[in-house]
Amino acid sequence: RIDLRSGAYALDLVPPMELSPTCRARLGDGRCGVDMAGRTRRVVAAGASGEDLQLQVAPADAANLAGGRVRVLDGVLAGLDFGIVDVSGPLVHLDEPLPAALEPGTRVRLSEGCDKRFATCRGRFANAEAFDGEPFVPGADTLVRYVDP
C-alpha cells in the first residue's frame, strides 16, 4: 500500500493561527486567571417573564454584570445558566428566554462579566499580562483605509 500526498497536505495538519483584538479566554477560567470569589453573589428573584429576570433587590454593581452569567439554584430550573445582556435596576435582561416560569423567592447566582477588551482587563481586573488576544494588531479594515485629501 502506498500513500501519495503532496507537501500541501502537511499544511492542513497545522491549524491556522487566529488573531483577535478581544480576549479569547472566559472570565475566571485557567487562561484568564481572575479570581471569581468576590465577583459572584447570590440573590433572590422576585419572578421572571420571557428574557427578563426580576430581582428582589437591585445589584449595587449592575454595570459589571453585563456579559456575565446567571445560574438558577432552586426550583425546576436549578442548574441552568443564562447569559446576562444588560441590567437596569432590579431587572436583568437574559440572552435567551427562560424555558419555564421562575417562582418568586428562587435563589440565583450572578457572576460578573467582561467585555473582553484589553482596557477592561488592565483597568478593572489588573490582569493585562494574562490577556489572551492581540489588542494592537491592526484589523482587516486597515487595508481599505485611506487618507481623505
Side-chain angles (χ1 to χ4, degrees), residues 6-100 102 106-149:
S6 70
Y9 172 77
L11 295 175
D12 288 336
L13 298 178
V14 179
M17 184 172 78
E18 295 180 20
L19 299 177
S20 172
T22 57
C23 187
R24 291 179 287 272
R26 287 186 51 205
L27 182 61
D29 72 2
R31 291 186 308 176
C32 173
V34 170
D35 184 16
M36 293 299 289
R39 300 185 185 279
T40 60
R41 68 214 42 79
R42 290 179 183 209
V43 295
V44 178
S49 63
E51 296 174 357
D52 294 329
L53 173 68
Q54 179 79 31
L55 304 177
Q56 287 186 350
V57 178
D61 59 345
N64 293 341
L65 293 173
R69 305 290 298 168
V70 172
R71 173 167 275 209
V72 182
L73 302 175
D74 297 330
V76 295
L77 300 179
L80 294 181
D81 282 327
F82 301 93
I84 300 174
V85 175
D86 189 26
V87 179
S88 54
L91 197 61
V92 178
H93 306 287
L94 305 176
D95 63 348
E96 60 183 289
L98 296 168
L102 196 68
T106 301
R107 293 178 311 131
V108 297
R109 184 179 67 213
L110 302 176
S111 300
E112 284 187 19
C114 178
D115 62 5
K116 300 187 175 286
R117 294 181 320 133
F118 182 71
T120 304
C121 191
R122 181 184 58 214
R124 190 167 122 208
F125 300 112
N127 197 31
E129 66 279 351
F131 185 77
D132 193 18
E134 298 75 33
F136 305 113
V137 172
D141 62 334
T142 304
L143 299 174
V144 294
R145 285 189 210 153
Y146 60 92
V147 178
D148 193 16

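Taking the side chain as every heavy atom from C-beta outward, P59 and L65 approach each other to under 4.5 Å. Residues V34 and E112 have side chains not in contact (no heavy-atom distance under 4.5 Å, counting atoms from C-beta outward). Looking only at side-chain heavy atoms (C-beta outward), V92 and V108 stay at 4.5 Å or farther from each other. Considering only heavy atoms from C-beta on, L53 stays 4.5 Å or farther from F82 through its side chain. When side chains are defined from C-beta on, R41 counts as touching D61, because their heavy atoms get closer than 4.5 Å. Within the 4.5 Å cutoff, the side chain of E134 has heavy atoms near those of the R24 side chain. Put simply, the side chain of L91 reaches to within 4.5 Å of the side chain of H93, judged on heavy atoms.
Closest approach of C121 and F131 over heavy atoms only: CB-CD1, 3.9 Å. Of all heavy-atom pairs between P90 and A58, the closest is N-CB, 3.7 Å. Nearest heavy atoms, L77 versus P99: CD2-CG, 3.7 Å. Shown here for A128 and R122, the closest heavy-atom pair between the two residues is CB-CB, 4.0 Å. Of all the heavy atoms in N127 and C32, the pair that sits closest is ND2-O, 2.8 Å.
Around the CD atom of E18, the shell of radius 6.0 Å holds no more than 12 heavy atoms that belong to other residues, nucleotides or ligands.
Distance check: D81 CG to R71 CZ gives 4.0 Å after rounding to the nearest 0.5 Å. With rounding to the nearest 0.5 Å, the separation of CZ in F118 from CG in D132 is 12.5 Å. Interatomic distance, OG1 of T40 versus CG of L110, reported as 9.0 Å (0.5 Å rounding). In this structure, CG on L102 lies 12.5 Å from CG on D52, to the nearest 0.5 angstrom. Rounded to the nearest 0.5 Å, atoms CG (N64) and CZ (F125) are 7.0 Å apart. Within the model, atoms SG of C114 and CZ of R26 stand 12.0 Å from one another, a figure rounded to the nearest 0.5 Å.
Side-chain atoms of D74 do not come within 3.5 Å of backbone N or O of T106 as any donor-acceptor pair.
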For M36 and L27: C-alpha separation, side-chain torsions, deciding distance, then whether side chain to side chain contact (heavy atoms under 4.5 Å, CB included) applies.
CA-CA 8 Å; M36 293 299 289; L27 182 61; 3.7 Å; yes
